[in-house]
Amino acid sequence: MFGTGKGFFGGLIGLFVFSIIVFFVIYFLVPDVSIKFFGISVNSDEYIEATISQSVSELDLPEGVLSDIQSYLSSPEGKEYLDKAQSAVGNSADKAISYFTSDAFRNLLSNAGEAVASGAESVAEYFSSHPVEAQ
């Protein structure tokens with residue numbers, strides 16, 4: 001493929017084809033590495049959703065409040081809020097995953113849970129009154 005006698009452009013084309021093949025192998029077969037190096041993966045949305053679920057489940061809140069937060073985040077309004085958050089931090093999966101595991105996002109969820117537990121606001125009201133800020 002890269003042997004002698006092909007000339008400069010032949011070797012360059014061979015190297016280009018080889019790099020495309022390596023990209024797709026990493027993209028489809030090793031999604032963790034693909035997210036780390038390219039910021040995308042064939043199933044990056046699943047990784048983001050799992051990260052959000054993990055962040056919610058690690059909160060120290062009553063079970064009813066956690067289920068309210070999870071149901072809001074899976075609703076169309078919640079998905080829109082999460083899309084805005086992902087756009088604010090950058091549309092790549094690695095940036096979104098790092099934001100959704102950050103202390104800032106966990107503090108936001110914790111504050112939302114405390115507001116809901118105290119009866120001050122509903123989950124939807126809390127998230128609508130606290131817009132997404134770029135990190």
Minimum heavy-atom distance Thr101-Ser55, with the two atoms named: CA-OG, 4.0 Å

Flag if over 12 foreign heavy atoms under 6.0 Å of CG, Asn107: yes

Drop me the distance from [X]'s [atom1] to [Y]'s [atom2], to the nearest 0.5 angstrom.
| X | Y | atom1 | atom2 | value |
| --- | --- | --- | --- | --- |
| Gln54 | Ser57 | CD | OG | 6.0 Å |
| Leu66 | Glu58 | CG | CD | 11.5 Å |
| Ile69 | Phe127 | CD1 | CZ | 6.0 Å |
| Phe8 | Ile13 | CZ | CD1 | 10.5 Å |
| Phe24 | Ser19 | CZ | OG | 10.5 Å |
| Glu49 | Lys79 | CD | NZ | 5.0 Å |

Please examine the side chains of [Y] and [X], heavy atoms only from C-beta on, and report whether any two atoms are closer than 4.5 Å.
| X | Y | value |
| --- | --- | --- |
| Leu82 | Ile52 | yes |
| Ile48 | Phe100 | yes |
| Tyr126 | Leu109 | no |

Ser53 (side chain) donor-acceptor with Ala50 (main chain) under 3.5 angstrom: no

Ser110 side chain vs Arg106 backbone, donor-acceptor pair below 3.5 Å: no

Cluster overlap Phe9 with Phe18, hydrophobic side-chain contacts below 4.5 Å: no

Shared hydrophobic cluster for Ile20 and Leu12 (ILVMFWY, side-chain gaps under 4.5 Å): no

